[in-house]
Amino acid sequence: MAVNKKYMPDEIEGKWQRRWDERGIYKTPELPRNKKYILDMYPYPSGASMHVGHLEGYVGTDIVSRYFRMKGYSVLHPMGWDSFGLPAENYAIKTGVHPEDSTRENIKTFKRQLNSVGLSYDWDREVNSSDPNYYKWNQWLFILLFKRGLAYKAEADVNWCTSCETVLANEQVVEGKCERCEAQVIQKKLDQWFLKITEYADRLIAGLDSLDWLNEVKVQQKNWIGKKGGINISYDVVGCDKKIDVFTTAPVNFGMTFLVVSPEYNLVQKILEGDVQVPKNRLLEVKGYVEDYFIKRRSVKAIDDKTKTGVFTGLYATNPVNNQEVPVWVSDFVLMEVGTGAVQGCPGHDYNDFEFAIKYKLPIVRVIVGPDGDLSPIKRREQVIERGMEGRFVNSEFLNGLGFEEGLQKTMDYFEEKGWGKRVTSYHIRDWLISRQRYWGTPIPMVYCEACAKEGRSWFTTEEGQTLHDRDKNVQGGMAGWYPVDEADLPVLLPKDIDFRPTGQSPITRSESFQEGVVCPHCGGKARREVDTMDGYVDSSWYFIRFADSQNDEEFASQKAIGDWLPVDIYVGGGHVVQHLLFARFFWKVLFDLGLVDKSLGDEPFLKLRAPGWILGPDSRKMSKRWGNVVTPDDIVPKYGADTLRMYEMFMGPFEAMKPWSMTGVEGMSRFLNRIWRLFEETGDEDKQVESDKRVLVLINKLVEKVGKDIEDFSFNTAISGMMEAYNELVELRRSGAKVNWVEVWRNFLLVMAPFAPHMTEELWQTLEGEKKSKVKGLESNVFSSIHQEKWPEFDPSLVQDETVEIPVQVNGRLRGTVTLDSDTAKNEEKVTEEAKKQEGVAKYIEGQQIKKVIFVPGRLINFVV
RNA sequence: GCCGAAGUGGUGGAAUUGGUAGACACGCGGGACUCAAAAUCCCGUGAGCCUUUAAAGCUCGUAACGGUUCGAGUCCGUUCUUCGGCACCA
């Protein structure tokens with residue numbers, strides 16, 4: 001079996017990659033049985049090439065995919081490109097290179113790099129989100145949502161760079177300034193398309209329970225959705241017929257001493273307009289404050305200064321529980337978009353209210369007493385007791401003595417009975433703003449007709465002017481004038497005659513071809529297309545469905561293909577933990593509700609989720625051009641080979657942990673592969689008929705069991721250390737003259753190592769099998785049987801336990817010796833006790849003492865208590 | 001500030017339901033081979049103490065302190081540090 005050659009990865013890796021490709025051994029099975037859909041989050045093909053950090057997840061899923069193929073599963077393991085997005089457009093602005101061209105080049109580089117490490121993707125299913133064949137279905141989905149009333153257009157704040165005159169994504173705003181030109185970023189109101197994800201908020205929470213996801217991620221999603229139960233309370237303003245509606249989760253109303261409204265609150269407008277009378281000096285102060293607010297608000301997005309400011313309006317409102325009149329203030333710490341835009345100040349029991357009360361010397365009333373029994377007036381922050389903390393009601397009449405939570409519920413019951421308020425549920429999650437005033441994205445396939453808009457017509461209205469769709473009522477603005485593009489006319493192509501330099505409008509506005517011959521689908525009059533494009537998150541919210549049927553021209557994916565492959569069994573990727581996963585789950589649920597996803601598939605798309613940890617540079621800093629610490633596969637593969645890269649990267653540490661790259665670590669792994677290669681070479685001439693010692697059989701069976709289990713647990717590092725241990729033991733056994741059937745050993749060893757080091761194991765496998773088949777000339781022959789099409793070895797459960805075990809002997813819990821026994825005896829308490837007492841080190845400690853108790857864990861440990 | 005995760009040798013890390021802490025590797029030290037080097041192989045490697053020709057033995061040790069237990073890296077409480085997320089959310 002001698003290879004007669006040094007391990008030269010560069011000589012074997014390319015060769016096998018080509019042969020695997022020719023034979024199509026990673027093609028997805030046509031008729032899946034026992035399917036596993038194993039998916040990586042598809043990458044953005046950036047101009048900076050891929051680095052080893054990207055690879056961690058890809059190698060992990062590759063190992064898992066190869067393992068499940070060997071276990072007899074039909075595996076779908078595809079890859080594609082999230083290729084729409086800002087970097088390509090910014091690059092175009094800077095250099096004039098069209099995004100389409102730079103994207104194509106970047107994809108080429110990424111694909112070459114992925115292939116260089118031997119990843120087993122089925123490239124026949126590749127998707128590319130900037131390809132019209134892909135974004136056609138993106139547009140189709142948008143229309144689907146629109147027709148269901150799940151897409152609407154409304155006015156919203158956007159980040160606006162005053163110098164570039166363009167909209168910026170949140171990530172592009174750094175400390176209130178434009179990332180590119182450092183000019184001031186302001187908030188600007190623009191008409192924007194939204195998707196109604198809030199309608200699914202409850203189901204997005206409920207679905208999480210059944211998923212095999214990191215708890216951390218579930219918690220983050222729940223926090224993002226931010227569901228809270230509370231009550232809306234309506235307060236009468238003294239001296240006029242106005243009311244102030246407040247939302248609160250903690251109506252400790254006997255401790256309520258003021259109300260605060262947002263500067264954008266309706267009542268403030270009424271004051272300024274003179275509709276509600278307030279003293280002159282109050283009016284002036286409110287006016288000044290509100291004007292200042294609008295200027296400030298339009299300036300910086302990130303207001304680091306959280307010092308609270310506010311002014312008294314001169315108005316009072318009545319607290320119904322005790323008929324006390326409390327002052328009404330205006331403050332920008334109350335956000336219009338949260339709750340009702342007005343809050344009740346209960347400064348003893350809310351940190352924000354407390355801070356405000358201290359600053360403006362408003363009264364603070366204690367109505368909750370904590371476990372410390374402190375009943376003194378609340379003067380310090382530490383004394384504040386918020387909802388969720390332990391406490392009982394005091395100074396609250398009929399509530400006194402009740403627990404905090406119980407008292408709040410009783411208060412809400414009481415308010416509802418009296419008609420002063422109504423329980424409501426509030427959410428932190430907002431509808432998903434998908435409009436981008438940018439070029440490099442999917443055009444939103446909508447047409448606007450001015451004439452129809454004037455008549456109040458839209459896709460949702462009938463000839464008689466009636467609402468066609470009941471959901472129209474939910475849609476803000478009524479969508480007058482808006483019609484989806486006819487599905488037969490999709491895709492709406494992204495125009496190419498574009499000057500994408502920023503001017504303050506969507507770049508597509510300046511395309512001459514884009515609006516040519518656009519007519520209103522309803523009245524046939526001249527109309528115009530929407531010029532905004534979609535957020536890239538829309539593309540990535542359903543690409544995993546397209547992979548099931550990526551070449552389909554008739555549908556976004558056939559029902560059969562979806563039923564065959566989805567949901568995704570294992571989903572791996574870092575970052576994007578909150579947004580992408582929420583959006584994708586939302587899309588899936590919508591499709592599920594519409595029957596486009598069969599009910600039997602369930603309403604969750606990703607059953608198991610794992611996130612690879614960051615790989616840091618050798619200097620333990622985040623890999624970045626700036627630090628010059630970026631390691632790419634191109635730095636490693638030519639010198640050490642793909643297998644070393646894969647093995648090292650998986651050996652570094654736990655899959656999900658953050659870990660620094662180490663070049664000496666890479667060399668260490670390279671040495672290990674060389675040792676394997678050499679041992680294989682050296683054991684070639686051993687007698688093949690020999691029957692292995694039981695120790696050898698146990699070693700192999702344990703290895704097969706361990707590696708399989710570890711792969712399923714994503715514990716690749718321990719799988720590899722298991723292989724190293726097995727190697728070390730084999731060397732030791734060989735040295736000690738044990739009988740080893742090396743063919744049998746290698747067959748198992750190579751098979752369990754194959755998912756990790758596919759090239760090297762293939763080379764050795766062909767040598768091994770070639771010998772068996774008396775030289776079929778594996779390399780030249782077209783009929784070779786790849787190790788990657790072999791079955792995963794079975795292990796014999798009776799052979800995974802060592803013949804002898806070492807039992808630690810403790811006295812009073814301290815280790816005083818060990819006894820080595822065969823594994824059966826080690827389970828027998830009497831015998832173990834007998835042996836243990838004979839131990840010199842043990843006898844010393846129990847001599848002359850009375851043994852009070854013996855703790856015996858069969859096969860594990862014995863402990864004498866004296 | 002709030003929510004979440006994590007702290008183990010010089011380094012990356014291992015350790016079923018609580019049951020021999022430091023597997024495996026890197027680094028380092030020593031040795032073999034060599035004219036020499038590289039490569040390779042072998043031995044040692046948590047800290048301290050004692051005794052010694054040697055073998056062995058003892059004590060401490062998993063961020064800090066306390067608790068539960070025959071026994072704690074693992075469970076409970078408090079504190080500190082680091083990382084991730086959200087952030088004037090009422």
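Just so we're clear, the structure is a prediction, and the values are computed from it rather than from any experiment. Reckoned from all heavy atoms, side chains included, excluding hydrogens, waters and symmetry mates. In what follows, chains are A, B, ... by sequence order, proteins preceding strands, each numbered from 1.
- When the nucleotides B/rC88, B/rA14, B/rC24 are ranked by their closest atom to the side chain of A/Met724, B/rC24 comes out on top.
- Using a 4.0 Å heavy-atom cutoff across all strands shown, A/Asn223 reaches sugar-phosphate atoms only and no base atom.
- Taking atom P in both B/rC76 and B/rG84, one finds a spacing of 26 Å when rounded to whole Å.
- Here A/Arg735 lies in heavy-atom contact (under 4.0 Å) with sugar-phosphate atoms only.
- Closest contact between the side chain of A/Pro808 and the listed nucleotides B/rC88, B/rU20, B/rG12 involves B/rU20.
- Figure legend. B/rG18 is base-paired to no nucleotide; pairs are counted as Watson-Crick or G-U wobble with both atom distances under 3.5 Å.
- Checking B/rC88, B/rG12, B/rC3 against every side-chain atom of A/Asp332, the shortest atom distance belongs to B/rC88.
- Across all strands shown, the partner of B/rC80 is B/rG7, judged by Watson-Crick or G-U wobble contacts whose two distances both fall under 3.5 Å.
- Phosphate contact (OP1/OP2 of B/rA90, side-chain N/O of A/Lys228, threshold under 4.0 Å): present.
- Looking at heavy-atom distances under 4.0 Å, A/Gly226 makes no contact with the nucleic acid at all.
- With a cut-off of 3.5 Å on both Watson-Crick or G-U wobble distances, the partner of B/rA47 is given as B/rU59.
- Salt bridge status for A/Glu729 with A/Lys702: absent, with no side-chain N to carboxylate O gap under 4.0 Å.
- Residue A/Asn728 is in sugar-phosphate contact alone, with no base atom involved, counting any heavy-atom pair closer than 4.0 Å across all strands shown.
- The side chain of A/Arg671 places an N or O atom within less than 4.0 Å of a non-bridging phosphate oxygen (OP1 or OP2) of B/rG27.
- Closest to the side chain of A/Val343, out of B/rU17, B/rA90, B/rA5, is B/rA90.
- A/Arg816 has a side-chain polar atom (N or O) that falls below the 4.0 Å cut-off from OP1 or OP2 of B/rC58.
- Distances from the side chain of A/Ser721 to the nucleotides B/rA23, B/rG12, B/rA90 place B/rA23 closest.
- Remark: the separation of the P atoms in B/rC41 and B/rU52 is 40 Å, to the nearest Å.
- Taking the centre and axis of the six-membered ring of A/Tyr351, the NZ or CZ atom of A/Arg381 falls inside the cone set by 45° and 6.0 Å.
- A/Tyr351 comes within contact range of no nucleotide atom at all, as no heavy-atom separation falls under 4.0 Å.
- Distance CE (A/Met669) to P (B/rG13): 14 Å, rounded to an integer number of Å.
- Checked against B/rG85, B/rA23, B/rG19, the side chain of A/Glu725 finds its nearest nucleotide in B/rA23.
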Under the ring-ring contact (aromatic ring centres under 6.0 Å, His included) rule, what do A/Tyr537 and A/Trp432 come out as? Steps first, then yes or no, please. CA-CA 10 Å; A/Tyr537 274 117; A/Trp432 174 15; 7.1 Å; no
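- One can place CG of A/Asn215 at 12 Å from C1' of B/rC3, the figure rounded to the nearest angstrom.
- Atom C1' of nucleotide B/rG85 and atom CD1 of A/Ile429 are separated by 15 Å, given to the nearest angstrom.
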Kindly indicate, with the supporting measurements, whether the criterion salt bridge (Lys or Arg N to Asp or Glu O under 4.0 Å) is fulfilled by A/Glu732 and A/Arg735. CA-CA 5 Å; A/Glu732 196 51 45; A/Arg735 188 177 302 146; 3.1 Å; yes
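- Here the side chain of A/Glu416 pairs a donor or acceptor atom with the backbone of A/Arg423 at under 3.5 angstrom.
- Using a 4.0 Å heavy-atom distance criterion, A/Met658 is classed as a sugar-phosphate-only contact.
- Across the strands present, B/rC24 finds its partner in B/rG12; the criterion is a Watson-Crick or G-U wobble pair with both atom distances under 3.5 angstrom.
- Between the side chain of A/Ser331 and the main chain of A/Val260, no donor-acceptor pair closer than 3.5 Å is present.
- If you check B/rG1 for Watson-Crick or wobble pairing at under 3.5 angstrom, you find it paired to B/rC86.
- Rounded to whole Å, the distance from CG on A/Leu214 to P on B/rC3 is 19 Å.
- Across the strands present, B/rA32 finds its partner in B/rU40; the criterion is a Watson-Crick or G-U wobble pair with both atom distances under 3.5 angstrom.
- Side chain of A/Asp822 to backbone of A/Thr825: a donor-acceptor contact under 3.5 angstrom is found.
- Here the C1' atom of nucleotide B/rC3 and the NZ atom of A/Lys218 are 17 Å apart, to the nearest Å.
- When the nearest nucleotides of RNA chain B are assigned to A/Phe864 and A/Lys709 by heavy-atom distance, the more 5′-ward of the two goes with A/Lys709.
- Across all strands shown, nothing is found opposite B/rU69 as a Watson-Crick or G-U wobble partner with both distances under 3.5 Å.
- Of the P atoms belonging to B/rG22 and B/rU34, the separation is 38 Å, rounded to the nearest Å.
- Residue A/Asn717 is classed as a sugar-phosphate contact, given heavy-atom separations below 4.0 Å to backbone atoms only.
- In this structure, the CE atom of A/Met8 is 14 Å from the C1' atom of B/rA39, given to the nearest Å.
- Counting only heavy atoms from C-beta on, A/Arg675 has its side chain closest to B/rC41 among B/rA25, B/rC89, B/rC41.
- A donor-acceptor contact under 3.5 Å is not formed by the side chain of A/Lys853 with the base of B/rC70.
- Nucleic acid contact class of A/Glu806 (heavy atoms, under 4.0 Å, all strands): base.
- We find that CZ of A/Arg734 is positioned 12 Å from P of B/rC42, with the value rounded to whole Å.
- Atom CD1 in A/Ile720 sits roughly 15 Å away from atom C1' in B/rA23 (whole-Å rounding).
- For the C1' atoms, the distance linking B/rA5 with B/rC89 amounts to 24 Å, nearest Å.
- Residue A/Arg814 has no polar side-chain atom (N or O) positioned under 4.0 Å from OP1 or OP2 of B/rG57.
- Aromatic rings of A/Phe716 and A/Phe714 (six-membered ring for Trp) have centroids within the 6.0 Å cut-off, being under it.
- Judged by atom type and distance alone, A/Gln810 does not reach the base of B/rU20 through any side-chain donor-acceptor pair under 3.5 Å.
- The aromatic ring centres of A/Tyr640 and A/Tyr648 sit 6.0 Å or more apart.
- B/rG9 has its base syn relative to the sugar, with a glycosidic angle deviating from 0 by at most 90°.
- With both ends at atom P, the span from B/rC70 to B/rU79 equals 28 Å, rounded to whole Å.
- Between the C1' atoms of B/rU62 and B/rG13, the separation comes to 13 Å (whole Å).
- Comparing the C1' positions of B/rA72 and B/rG61 gives an interatomic distance of 14 Å, to the nearest angstrom.
- Contact between A/Pro755 and A/Ile63 at its shortest, heavy atoms only, is O-CG1, 3.3 Å.
- Residue order along RNA chain B, read from the 5' end via each residue's closest nucleotide, puts A/Leu815 first among A/Leu815 and A/Ser426.
- Here A/Val334 lies in heavy-atom contact (under 4.0 Å) with a base.
- Spacing of C1' atoms, B/rC58 relative to B/rU51, comes out at 11 Å, to the nearest Å.
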